Amino acid sequence: SIKIGKAFSGS
Amino acid sequence: WFFEVCFAVTESLNTTNSSTKIEPKQMKVLFFEDCVCATITSTILQTLNSKVSWDRFGLSIKDVQVTDTGIALIEWEGPAQLESILLVLHRYRSSQTMLQSWSRETQLCKRCIEDALNDLKQQNPHLFCSHSSKELQRYVPDLSCCLSKLISSSSDIEFKDSCAQILGLQSTDYNDIRSSITTRLLQVIEDLDKQ
C-alpha cells in the first residue's frame, strides 16, 4: 500500500 | 524561498521475512524549480545528506549520488516493512525576494522534509519509529516481567488489587499483568515518539 506525507514551508 | 515536499512510500504486505537481514534500499529524489524538473542543487543534496534528522524517523542514510539526469539516489536503511521511498521537492521564490540566503534555504528545506516525514509518522507510527524509541522498546519485555513479578508475588492483597485496578484488570494473574504493562509501555513509547 502507498502512503503519502507532505509539507510546505516558506520564509 | 518556498518549499513543497512530498514523500510517497510503499509498505510491504509480506512481513513474514521482516526479521531477516536489512538490505540498503534506494530512494529516488526528484527536484522541481518553479514547476520545472531540474538538476538537484548541491545545497539540497547537502541538506539531505547531513542536515535532515533521518534517525528521528528510524532511517539511516548510507550514500547519496546524482545521476546524469539530475536525479538524486539515496541509499537508505530502515524497517524491513518499508519497501520503497520516493521524494519530490519543489522550490520556488517569491518575486519580492532580492537576496539569496543559502543558510536560510538549508533551514527551510530541512524543516520541510522533516515536516513531511512527520506527516507520514503521525499516520504510520510503526513505520517511522525513531532509533531512540526502538532502543527503549528493547527494555519493555524485561521491565514488564520485573514489574508483574513484583506485583503478583506480593502477599499484600490490597496492594495487588489496587495495582490490578490501576491497570484496569479483573485478575492479579502474572500473565495478565505482564501483558497489560507491556501494551501500556509500548503505547507510551509510541505516543512520546510521535511528539
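Being a predicted model, the structure only gives us computed values, none of them experimental. Only this structure's heavy atoms are used, side chains among them; waters, hydrogens and symmetry mates stay out.
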Cluster question for you: counting only ILVMFWY and a side-chain heavy-atom cut-off of under 4.5 Å, with indirect links fine, are [X] and [Y] together?
{"X": "B:V29", "Y": "B:V64", "value": "yes"}
{"X": "B:F32", "Y": "B:F7", "value": "no"}
{"X": "B:V66", "Y": "B:W76", "value": "yes"}
{"X": "B:L48", "Y": "B:I71", "value": "no"}
{"X": "B:L73", "Y": "B:I40", "value": "no"}

(request) Answer with side chain, backbone, both or neither: which region of B:L127 has an atom nearer than 4.5 Å to a non-hydrogen atom of chain A? (result)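 It is the side chain, since no backbone atom gets that close.
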(message) Between B:Q123 and chain A, with a heavy-atom cut-off of 4.5 Å, which part of the residue counts as in contact: side chain, backbone, both or neither?
(response)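 Looking at B:Q123, just its side chain touches chain A.
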(request) Fit a plane to each ring of B:F2 and A:F8, take the angle between them on a 0 to 90° scale, and name the class: parallel (under 30°), tilted (30 to 60°) or perpendicular (over 60°). (result)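 Ring orientation of B:F2 relative to A:F8: parallel.
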(message) Only pairs of heavy atoms separated by less than 4.5 Å count here; which of B:V9, B:D115, B:N124 has the most with chain A?
(response)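 Ranked by contacts with chain A, first place is B:V9.
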(request) Measure across B:D119 and A:I4 and return the closest heavy-atom pair with its distance rounded to 0.1 Å. (result)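 Taking every non-hydrogen atom into account, OD2-O, 4.2 Å.
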(message) Looking at B:F3, is its backbone amide N or carbonyl O close enough to the side chain of A:S9 to form a donor-acceptor pair, meaning the two atoms are under 3.5 Å apart?
(response)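 No; zero donor-acceptor contacts below 3.5 Å.
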